[in-house]
Amino acid sequence: MANHLKERTRELVNEFCAGNDHAFAELYDLYVQMLFNYGMKITQDQELLKDCIHDVFVKIYNKRAEKSVINNFASYLIISLKNRLFDEFRRLNFATEDAAEDYEFCFSTTDVENDYLHIERDALQSAQVARLMNHLTRRQRQAITLYYLEQRKYEEICKIMDMNYHSVRNLMHRGMLKLREAAM
């Protein structure tokens, strides 16, 4: 009997996809009770269930060209109904009785375009600094990073780099000259 139902379903789906509305009505009659029984295991709200079953069949009718590739029509119907019911449950959970007009909307005072331009400018500057820093020796990069980025004093830089004060000053001076030259 199950094989006969599957074969008959396959024939009806093919006829329906070819434009036969009577085949669609017969598919509905074959599966509506099965869907209703399945849906009653998910919800006891019969009106919601009937609406969801109706929505499933309307969707199938509107997308008939895509339905000829369904291998197991009964499974497709059950999954479609389950998804439709869960969509409806989510919608009902998030629905509110308050009108949207009753809410005050807060608009941001920040200008998105200006924010984007600032971010873009900062990214370009960072890339340019990185490119310029590549012109320095490793020691010059380290000294300039410690002084300008980490904001350390010359005495700390001397200890970190194990150099005397005048050597660090000369290293910084030569590094800055190289940076100016590379920037031009």
Side-chain angles (χ1 to χ4, degrees), residues 1-134 141 145 148-151:
M1 184 71 179
N3 284 337
H4 174 70
L5 180 61
K6 283 184 180 182
E7 185 59 39
R8 182 66 185 141
T9 299
R10 196 171 299 124
E11 291 171 9
L12 290 171
V13 168
N14 290 334
E15 290 175 24
F16 165 65
C17 290
N20 184 345
D21 287 346
H22 179 70
F24 178 76
E26 198 172 330
L27 280 169
Y28 181 88
D29 291 339
L30 277 174
Y31 287 101
V32 71
Q33 191 59 49
M34 178 198 67
L35 289 175
F36 187 81
N37 292 340
Y38 172 78
M40 287 301 292
K41 294 177 183 175
I42 296 174
T43 182
Q44 297 301 309
D45 186 345
Q46 291 184 10
E47 293 308 312
L48 173 68
L49 178 57
K50 289 176 187 177
D51 288 343
C52 289
I53 291 171
H54 174 77
D55 292 346
V56 166
F57 277 101
V58 167
K59 182 179 177 184
I60 289 170
Y61 187 84
N62 289 333
K63 296 190 175 201
R64 74 171 66 192
E66 301 169 10
K67 302 306 176 216
S68 62
V69 295
I70 297 173
N71 292 330
N72 190 334
F73 192 75
S75 293
Y76 177 84
L77 287 173
I78 289 172
I79 292 169
S80 295
L81 177 61
K82 179 187 70 150
N83 290 340
R84 182 69 189 103
L85 281 168
F86 289 159
D87 287 345
E88 201 59 28
F89 293 154
R90 277 190 291 274
R91 187 188 68 76
L92 291 172
N93 281 340
F94 291 115
T96 178
E97 294 179 6
D98 299 332
E101 294 81 22
D102 294 341
Y103 289 99
E104 290 183 33
F105 292 100
C106 298
F107 295 102
S108 174
T109 58
T110 60
D111 185 4
V112 175
E113 186 176 354
N114 281 338
D115 289 347
Y116 178 77
L117 291 174
H118 288 296
I119 291 169
E120 189 71 22
R121 186 194 64 221
D122 291 346
L124 287 172
Q125 286 176 346
S126 295
Q128 185 177 13
V129 167
R131 183 183 56 80
L132 292 173
M133 292 289 277
N134 285 332
R141 248 192 325 270
T145 300
Y148 287 104
L149 297 179
E150 295 183 19
Q151 298 180 347

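Fair warning: this is a prediction, and the values are worked out from it, not measured in the lab. Heads up: numbering here begins at 1 and tracks the sequence.
- In terms of the salt bridge (charged side-chain N to carboxylate O under 4.0 Å, His left out) criterion, residue partners of Asp87 (sequence neighbours excluded) are, by chain and number, Arg90.
- Within the structure, every pair that satisfies the side chain to side chain donor-acceptor pair (under 3.5 Å) test and touches residues 121-131, not counting sequence neighbours, is listed here: His118-Arg121.
- Scored by the side chain to side chain donor-acceptor pair (under 3.5 Å) test, Asn72 finds Ser75 as partners (sequence neighbours excluded).
- With sequence neighbours left out, Val129 forms a side-chain contact (heavy atoms from CB on, under 4.5 Å) with Met133.
- In this structure Tyr28 satisfies the side-chain contact (heavy atoms from CB on, under 4.5 Å) test together with Val32, Phe57, sequence neighbours excluded.
- Annotation: side chain to side chain donor-acceptor pair (under 3.5 Å) contacts of Glu88 (sequence neighbours excluded): Arg84, Arg91.
- Shown here are the side chain to side chain donor-acceptor pair (under 3.5 Å) partners of Glu11, two or more places apart in sequence or in another chain: Arg8.
- Here the closest heavy-atom approach between residue Ala23 and residue Leu12 is recorded as CB-O, 3.5 Å.
- Here His54 pairs with Val58 under the side-chain contact (heavy atoms from CB on, under 4.5 Å) rule; sequence neighbours left out.
- Listed by chain and residue number, nothing satisfies the side chain to side chain donor-acceptor pair (under 3.5 Å) test with Gln151 (two or more places apart in sequence, or in another chain).
- Taking the salt bridge (charged side-chain N to carboxylate O under 4.0 Å, His left out) definition, one finds that Glu120 meets it with nothing, sequence neighbours left out.
- For Asp51, the side-chain contact (heavy atoms from CB on, under 4.5 Å) test picks out no residue, with sequence neighbours left out.
- The shortest side-chain heavy-atom distance between Phe73 and Lys6 does not fall under the 4.5 Å cut-off.
- Phe16 and Tyr61 have tilted rings, their planes meeting at an angle from 30° to 60° on a 0 to 90° scale.
- Listed by first then second residue, pairs satisfying side chain to side chain donor-acceptor pair (under 3.5 Å) with a partner in residues 29-38 read Thr9-Tyr31, Gln33-Asn37, not counting sequence neighbours.
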